[in-house]
Asker: 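Pasting a structure here, questions to come.
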Amino acid sequence: MKKLRKSLFAVLLVTMVALQACGSGGGDNQGALSEDGQGGGEKVKIKWATWGNPGELTRFQEFTKDFNSKHPDIEAELIPIPGEYDQKILTQLTGGTAPDVFYAGDGFVVKLIENKSIEEITPRMTAADSKIKPDDYFEGLWGAAKRDGKIYGVPVDCNPMVLWYNKKVLKDAGITEMPADLQAKGEWTWDAFKGMVEKIRDSKKYGYVLDNSWNSYYSWVTSNGGKVYDDNGKFIGYDDPKAKEAFQFLYDNVKEKNITFSGTLPKGQGGDAMFMSNQVGFVGAGRWYLPLFKKNSSLEYDVVTWPTNTGNKIEPAGIPTAFLVMNSASKHKEAAYTFYSEFLSSDGQKFRLQGGGNAVPSVQGVDDVVLEGNLPEHAQLFLDAREVGYSLTPFEAGIPGLSTDITSKFEALWLKNGELDASLKDIQEMANKKIDDYKNGK
């Protein structure tokens, strides 16, 4: 009898263990969602990271909250990274703690592609049920995120470079016809620009503040019909006559004090602050200045595309971009792509950029967010500039540290009162050596 009871107990014990195993799915994820985001129980938790100023991060938090309300089976968490962004992401990737989805800049995305830290997105974007498709985005914005026809990151939005101008500073200098009006007539040229900054200089104000960035320098080259790189990826800023002419134009106007290099402004003063205090006529930037400028109700401002020296009404200018990428080691790729695609979709970009946002959509169909409120008056020019502009070429973005080295040499040119011809030649030789060394694995 005792043996029978022991046998029955053993059978019962085995049965209970088997039932428990079936109920738990054979692991420790009881109640967790499947990768397609379906099922009951615990939510799939994903993390995404970005940089951003307080205003941007507030909008990102609002988007994340809205996303979570629409997807009760997914919980997305925003992880802001305020400083040393690239290095912190690399450390997290190495340690296996990186977010599922995160921002990557022009140069950083190349490194992530090469070390295989991020997912190729093409198969997901071209799937029949994807909310975003490659053709939804403007062709000039892919930059270094597209390699050999494969997509590794999608532009989150974009910021076509334009010239912001202070109407009061221009009027006080005796300028009666505003730049955007000249642009509309096809008369916004280098000569017209130079005439204005000379008058502003004579009125004891700063004509134009030149920032130390690729998008400022190269926009002057392309506004002259020049090239910085040839089709084979060689830096030709010294050899290309149109490029050299553009750099000479900048150099001469800096010498004449019509243009002021940003690094020589009074200590603690930036071009944006001096623009708002009516000390500067022109600053080059994307739409990111709008949230700041519109807070100043007394500030009179507008935008114009880059002046041209080709006879054409508009020429290409730089477009700073950032890309959203997916961690190739993410354990929840389906949920991550759901967030990814909604963030980048037309609805997602409209949510983030409406109400005087700080960028221009990279996706087609939501241009109205740029035009709302007529702020600034000629906001349409942001869209016009996007149509013809370009992001940083992969030829430069793909070489670690090259962009920084180039801008460092330009900075030395302005700060040390260097000689243009020798400086340009030095930049070209340095750039092409770095490019060749990188290609040869040195």
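Residue indices begin at 1 and follow the sequence shown. Bear in mind that the values here come from a model prediction, so they are computed numbers and not experimental data.
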Asker: Is there a donor-acceptor pair closer than 3.5 Å between any side-chain N or O of Asp211 and the backbone N or O of Phe261?
Answerer: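 Not at all, since once roles are kept as given, no pair shorter than 3.5 Å links the two residues.
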Asker: Could you tell me whether the side chain of Glu84 and the main chain of Gln87 form a donor-acceptor pair under 3.5 Å?
Answerer: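 No.
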Asker: Verify, without hydrogens or angle tests, whether Glu120 (side chain) and Ile151 (backbone) share a donor-acceptor contact under 3.5 angstrom.
Answerer: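 A pair under 3.5 Å: no.
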Asker: With no hydrogens and no angle check, do the side chains of Ser345 and Asp347 hold a donor and an acceptor under 3.5 Å apart?
Answerer: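 Ser345 vs Asp347: no donor-acceptor pair found between side chains.
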Asker: Okay, side chain of Asp136, backbone of Lys133: is any donor-acceptor separation there less than 3.5 Å?
Answerer: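 Here the side-chain-to-backbone pair exists.
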Asker: With a 3.5 Å cut-off and no angle check, do the side chains of Tyr390 and Thr222 form a donor-acceptor pair?
Answerer: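 A donor-acceptor contact under 3.5 Å links the two side chains.
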Asker: For the ring pair Trp142 and Phe323, is the centre-to-centre distance below 6.0 Å?
Answerer: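 Judged by ring-centre distance (under 6.0 Å), Trp142 and Phe323 do not meet the cut-off.
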Asker: Salt bridge between Lys434 and Glu396, side-chain N to carboxylate O under 4.0 Å?
Answerer: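 Glu396 and Lys434: not salt-bridged.
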Asker: Tell me, please, which residues at least two apart from Glu342 pass salt bridge (charged side-chain N to carboxylate O under 4.0 Å, His left out).
Answerer: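 Result, salt bridge (charged side-chain N to carboxylate O under 4.0 Å, His left out) vs Glu342: Lys131.
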Asker: Return the minimal non-hydrogen interatomic distance between Met161 and Pro320, and the atom names on each side.
Answerer: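 Here Met161 and Pro320 meet closest at CG-CD, 3.8 Å.
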Asker: I'd like to check the side-chain contact (heavy atoms from CB on, under 4.5 Å) partners of Lys242; sequence neighbours left out, ordered by chain and number.
Answerer: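 Lys242: side-chain contact (heavy atoms from CB on, under 4.5 Å) contacts with Asn224, Asp240, Glu245.
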Asker: Taking the six-membered ring for Trp and the full ring for Phe, Tyr or His, determine whether the centres of Phe282 and Tyr206 are under 6.0 Å apart.
Answerer: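 Centroid distance Phe282-Tyr206: not below 6.0 Å, so no.
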Asker: Apply side-chain hydrogen bond (donor to acceptor under 3.5 Å, both in side chains) to residues Ser423 and Tyr251 and explain how you reach the verdict.
Answerer: CA-CA 11 Å; Ser423 297; Tyr251 186 81; over 6 Å; no
Asker: Under a 3.5 Å distance rule, please check whether Asn166 uses its side chain to pair with a backbone N or O of Val169 as donor and acceptor.
Answerer: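 Pair found, side chain donor or acceptor close to backbone of Val169.
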Asker: Got a second to check how far Leu112's CG is from Met326's CE, nearest 0.5 Å?
Answerer: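 Atom-to-atom, Leu112:CG and Met326:CE are 13.5 Å apart.
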Asker: Can you tell me how far CG of Asn159 sits from CZ of Arg287, rounded to the nearest 0.5 angstrom?
Answerer: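 Going from CZ on Arg287 over to CG on Asn159, the span is 8.5 Å.
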Asker: Using only heavy-atom distances, determine whether the side chains of Gln92 and Thr97 contain a donor-acceptor pair under 3.5 Å.
Answerer: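 Side chains of Gln92 and Thr97: no pair found under 3.5 Å.
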Asker: Looking at residues at least two apart in the chain, or sitting in another chain, which of them share a salt bridge (charged side-chain N to carboxylate O under 4.0 Å, His left out) with Asp135?
Answerer: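 Once residues adjacent in sequence are excluded, Asp135 has no partner under the salt bridge (charged side-chain N to carboxylate O under 4.0 Å, His left out) criterion.
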Asker: Starting at CG of Asp421, measure out to CG of Asp426 and round the result to the nearest 0.5 Å.
Answerer: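 Asp421 CG to Asp426 CG: 11.5 Å, rounded to 0.5 Å.
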Asker: Say whether, by atom type as modelled, one donor and one acceptor occur between the side chain of Lys88 and the main chain of Gly83 under 3.5 angstrom.
Answerer: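 Side chain of Lys88 to backbone of Gly83, a donor-acceptor pair under 3.5 Å: yes, one is there.
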Asker: Go through the steps for Glu75 and Lys47 under the test salt bridge (Lys or Arg N to Asp or Glu O under 4.0 Å), then give the verdict.
Answerer: CA-CA 8 Å; Glu75 182 179 338; Lys47 294 181 179 181; over 6 Å; no
Asker: For Phe67 versus Ala76, what's the shortest heavy-atom pair and its separation?
Answerer: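 Smallest interatomic distance, heavy atoms only, reads CD2-CB, 4.0 Å.
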Asker: What's the separation between atom CD1 in Ile81 and atom CZ in Phe102, rounded to the nearest 0.5 Å?
Answerer: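 So the gap between those two atoms works out to 9.0 Å.
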Asker: Is there side-chain contact between Thr260 and Leu265, with heavy atoms separated by less than 4.5 Å?
Answerer: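 Thr260 reaches Leu265 side chain to side chain.
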Asker: Compare every heavy atom of Pro99 with every heavy atom of Ala49, then report the nearest pair and how far apart it is.
Answerer: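 Looking at all heavy atoms of both residues, the shortest contact is CB-CG, 3.6 Å.
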Asker: Which residues pass the ring-ring contact (aromatic ring centres under 6.0 Å, His included) test with Phe410, not counting sequence neighbours?
Answerer: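 With neighbours one apart ignored, the set is Tyr217, Phe247.
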Asker: Roughly how far apart are Gln61 CD and Asp66 CG, rounded to 0.5 Å?
Answerer: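 Reported value, rounded in 0.5 Å steps: 13.0 Å.
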Asker: Is a salt bridge present between Lys433 and Asp405, judged by a nitrogen-to-oxygen distance below 4.0 Å?
Answerer: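 Salt bridge absent between Lys433 and Asp405.
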Asker: Have Asp252 and Gln248 got a donor and an acceptor in their side chains that come within less than 3.5 Å?
Answerer: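 Checked: Asp252/Gln248 side chains pair up, N/O donor to acceptor below 3.5 Å.
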Asker: Judged by modelled atom types alone, do Asn327 and Glu119 share a side-chain donor-acceptor pair under 3.5 Å?
Answerer: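 Checked: Asn327/Glu119 side chains show no N/O donor-acceptor pair below 3.5 Å.
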Asker: Using the side-chain contact (heavy atoms from CB on, under 4.5 Å) criterion, which residues pair with Phe60? Sequence neighbours excluded.
Answerer: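 With sequence neighbours excluded, Phe60 shows a side-chain contact (heavy atoms from CB on, under 4.5 Å) to Trp48, Thr50, Glu56, Leu57, Leu78, Tyr103, Phe343, Arg352, given in chain and number order.
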Asker: Is a salt bridge present between Glu334 and Arg124, judged by a nitrogen-to-oxygen distance below 4.0 Å?
Answerer: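 Salt bridge between Glu334 and Arg124, a charged N being under 4.0 Å from a carboxylate O: yes.
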Asker: Can you list the steps and then say if Glu198 with Lys257 is a salt bridge (Lys or Arg N to Asp or Glu O under 4.0 Å)?
Answerer: CA-CA 8 Å; Glu198 286 176 341; Lys257 301 188 184 303; over 6 Å; no
Asker: Relative to the ring of Phe63, is the ring of Phe339 parallel (under 30°), tilted (30 to 60°) or perpendicular (over 60°)?
Answerer: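 The arrangement is perpendicular - the two ring planes meet at more than 60°.
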Asker: When you look at Asp384 and Gln380, which way does the side-chain hydrogen bond (donor to acceptor under 3.5 Å, both in side chains) test go after all the steps?
Answerer: CA-CA 6 Å; Asp384 296 344; Gln380 174 64 40; 3.0 Å; yes
Asker: Let's go through Lys168 and Asp172 carefully: what are the C-alpha distance in whole Å and the side-chain angles of both, what is the deciding distance for salt bridge (Lys or Arg N to Asp or Glu O under 4.0 Å) to 0.1 Å, and is it a yes or a no?
Answerer: CA-CA 6 Å; Lys168 184 178 189 306; Asp172 289 349; 2.8 Å; yes
Asker: Please determine whether side-chain hydrogen bond (donor to acceptor under 3.5 Å, both in side chains) holds for the pair Thr189 and Asp191, giving the CA-CA distance in whole Å, both sets of side-chain angles, and the decisive distance to 0.1 Å.
Answerer: CA-CA 5 Å; Thr189 64; Asp191 287 341; 5.1 Å; no
Asker: What residue among Val360, Thr305, Leu371 forms side-chain contact (heavy atoms from CB on, under 4.5 Å) with Phe382?
Answerer: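 Looking at Val360, Thr305, Leu371, the match for Phe382 under the side-chain contact (heavy atoms from CB on, under 4.5 Å) is Val360.
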Asker: Honestly, is Lys244 close enough over Tyr238, meaning NZ or CZ under 6.0 Å from the six-membered ring centre and within 45° of the axis?
Answerer: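 Yes, a cation-pi geometry holds between Lys244 and Tyr238.
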Asker: Locate the shortest heavy-atom distance separating Asn432 from Phe235; write the atom from each residue and the value.
Answerer: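 Reported closest heavy-atom pair: OD1-N, 2.8 Å.
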Asker: How long is the gap from CG on Leu163 to CG on Asp302, to the nearest 0.5 Å?
Answerer: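 Leu163 CG to Asp302 CG: 11.5 Å, rounded to 0.5 Å.
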Asker: If every non-hydrogen atom of Trp164 is compared with every non-hydrogen atom of Gly286, which pair is closest and at what distance?
Answerer: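 Answer, listing the atom of Trp164 first, then Gly286: NE1-O, 2.9 Å.
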Asker: Quick one: do the Ser213 and Asn215 side chains pair a donor with an acceptor below 3.5 Å?
Answerer: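 Side-chain D/A pair, Ser213 to Asn215: present.
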Asker: Any chance the rings of Phe275 and Tyr289 have centres within less than 6.0 Å?
Answerer: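 Phe275 vs Tyr289: aromatic centres not under 6.0 Å.
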Asker: Is there a donor-acceptor pair under 3.5 Å between the side chain of Lys333 and the backbone N or O of Ser328?
Answerer: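 It does hold such a pair.
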Asker: Within the side chain of Ser130, is there an N or O that forms a donor-acceptor pair under 3.5 Å with the backbone of Ala127?
Answerer: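 Between the backbone of Ala127 and the side chain of Ser130 there is no qualifying donor-acceptor contact (under 3.5 Å).
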Asker: Would you call Arg59 and Glu62 a salt bridge, using N to O less than 4.0 angstrom?
Answerer: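 Here Arg59 pairs with Glu62 in a salt bridge, since their nearest N and O are under 4.0 Å apart.
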Asker: Sequence neighbours left out, what passes ring-ring contact (aromatic ring centres under 6.0 Å, His included) with Phe249? Give chain and number order.
Answerer: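 Once residues adjacent in sequence are excluded, the partners of Phe249 under the ring-ring contact (aromatic ring centres under 6.0 Å, His included) criterion are Trp190, Trp220.
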Asker: Can you see whether Lys255 engages Asn417 through a side-chain donor-acceptor pair at a distance of less than 3.5 angstrom?
Answerer: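 Yes - a donor-acceptor pair under 3.5 Å links their side chains.
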Asker: Looking at Tyr208 and Gly281, would you say the former's side chain and the latter's main chain have a donor-acceptor pair under 3.5 Å?
Answerer: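 Looks like no, no N/O pair under 3.5 Å.
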Asker: Got a donor-acceptor contact below 3.5 angstrom from the Asn312 side chain to the Glu315 backbone?
Answerer: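 Pair absent, no side-chain N/O of Asn312 close to backbone of Glu315.
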Asker: Both conditions, 6.0 Å and 45 degrees, for the charged tip of Arg386 above the ring of Phe138: are they met here?
Answerer: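 Verdict for Phe138: a cation-pi partner in Arg386.
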Asker: Examine the side chains of Gln349 and Ser362 and answer whether a donor and an acceptor come within less than 3.5 Å of each other.
Answerer: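 Result is yes, a qualifying pair exists.
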